[in-house]
Amino acid sequence: TTVERLCPLLVNNNVVEQQIKATDIIEKLEKGQDEDKIEALKQVVFGILNGIDMKRVVMPVIKFCLRSDNHVIKKLLQVFWEVVDKKGSDGKLLPEMILVCNHLLQDLKHPNEYIRGSTCRLLCRFDEPEILEQLVPQVLINLEHRHSYVRKNAILAVMSICQTHPELIPDAANRALNFINEEGNPLAKRNAFLMLT
């Protein structure tokens with residue numbers, strides 16, 4: 001089904017809600033209150049997972065939620081980027097996704113280690129080479145980050161990118177070997193060994 005193609009995440013919304021309307025969601029996003037944005041993002045994710053076309057909402061989400069520092073909104077945005085269809089009906093990447101690339105790049109450079117690491121982890125679920133190509137240099141830089149949480153998720157991102165698009169990181173095996181030799185964290189090392197198997 002479409003849901004399984006878009007995302008391995010399945011959420012059961014037991015509450016029978018009225019038909020989700022894009023206009024209502026856009027209105028909630030425009031209000032500016034974080035609680036409204038959180039509720040709107042949850043509705044969008046539930047809508048997408050239930051097969052409702054939410055392409056009209058992508059640009060308002062980008063416009064009104066990307067700059068938020070609210071941690072709940074950031075987490076919901078990561079789920080949203082995972083489930084939203086990033087390609088149009090013609091099979092080409094949506095133009096809005098360029099803005100998303102810039103946002104993800106900023107998150108890969110974020111001073112908060114959790115945001116960096118979780119963004120690396122999110123990239124494991126992306127399959128679009130046009131998006132990944134722009135983010136690969138920063139993912140590789142994160143392999144040398146001071147915090148082990150960032151490094152272990154960066155090596156997972158490298159592994160995932162190499163499995164789907166090996167041409168984006170042609171020297172991935174050498175990088176993994178160097179990573180194993182220099183890494184002190186056992187979980188990060190295990191992830192690198194997984195990549196080489």
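Along the sequence shown, residues are numbered consecutively beginning with 1.
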What distance separates [X] [atom1] from [Y] [atom2], expressed to the nearest 0.5 Å?
X    : Y    : atom1 : atom2 : answer
Q43  : I25  : CD    : CD1   : 5.0 Å
S160 : N153 : OG    : CG    : 11.5 Å
I62  : L99  : CD1   : CG    : 5.0 Å
C101 : Q106 : SG    : CD    : 12.0 Å
E96  : K63  : CD    : NZ    : 12.5 Å
E133 : H165 : CD    : NE2   : 10.5 Å

Would you find more than 12 non-hydrogen atoms of other residues, nucleotides or ligands less than 6.0 Å from [X] atom [atom1]?
X    : atom1 : result
L187 : CG    : yes
D171 : CG    : yes
K55  : NZ    : yes

Any side-chain heavy atom of [X] sitting closer than 4.5 Å to one from [Y]?
X    : Y    : answer
D85  : D53  : no
V83  : M54  : no
I131 : V100 : no
V139 : I169 : no
L49  : V45  : yes

Taking only residues two or more places apart in sequence or in another chain, which ones pass side-chain hydrogen bond (donor to acceptor under 3.5 Å, both in side chains) with [X]?
X    : answer
D34  : N70
N185 : S148
H103 : D107
N181 : none

Is there a donor-acceptor pair under 3.5 Å between the side chain of [X] and the backbone N or O of [Y]?
X    : Y    : result
T119 : I115 : yes
R116 : K109 : yes
K86  : W81  : yes
S68  : F64  : no
N142 : L108 : yes

F179 pairs by side-chain contact (heavy atoms from CB on, under 4.5 Å) with which of L143, N174, V158? L143
Is there a chain of hydrophobic side chains (I, L, V, M, F, W, Y, each step under 4.5 Å between heavy atoms) that links [X] to [Y]?
X    : Y    : answer
V150 : V136 : no
I141 : L168 : no
M59  : L66  : yes
I155 : I180 : no

Any chance you could lay out the side chain to side chain contact (heavy atoms under 4.5 Å, CB included) test for C65 and L29, step after step, and finish with the verdict? CA-CA 8 Å; C65 294; L29 291 171; 3.5 Å; yes
Go through K42 and I38 one step at a time and tell me if the side chain to side chain contact (heavy atoms under 4.5 Å, CB included) criterion holds. CA-CA 6 Å; K42 286 180 182 179; I38 290 168; 3.8 Å; yes
What heavy-atom pair brings [X] and [Y] nearest, and what distance separates the two atoms?
X    : Y    : value
V57  : A22  : CG2-CB, 3.9 Å
A157 : L123 : CB-CB, 4.5 Å
M97  : V58  : CE-CG1, 4.0 Å
L105 : Q134 : CD1-O, 4.4 Å

Only distances under 3.5 Å count here; give the side-chain donor-acceptor pairs of residues 188-197 to other protein atoms, sequence neighbours excluded, each with its distance to 0.1 Å.
| from | atom 1 | to | atom 2 | distance (Å) |
| --- | --- | --- | --- | --- |
| K189 | NZ | E183 | O | 3.4 |
| N191 | ND2 | K152 | O | 3.1 |
| T197 | OG1 | L194 | O | 2.8 |

Any ion pair linking R146 and E113 (charged N to carboxylate O, less than 4.0 Å)? yes
Going by ring-ring contact (aromatic ring centres under 6.0 Å, His included), name the residues that satisfy it together with Y149, two or more places apart in sequence or in a different chain. Y114
Apply the test side chain to side chain contact (heavy atoms under 4.5 Å, CB included) to residues V72 and L76: give CA-CA distance (whole Å), side-chain angles for both, the deciding distance (0.1 Å), then the verdict. CA-CA 6 Å; V72 177; L76 285 170; 4.1 Å; yes
L104 and F126: side chain to side chain contact (heavy atoms under 4.5 Å, CB included), yes or no, with the steps? CA-CA 12 Å; L104 292 172; F126 277 41; 3.7 Å; yes
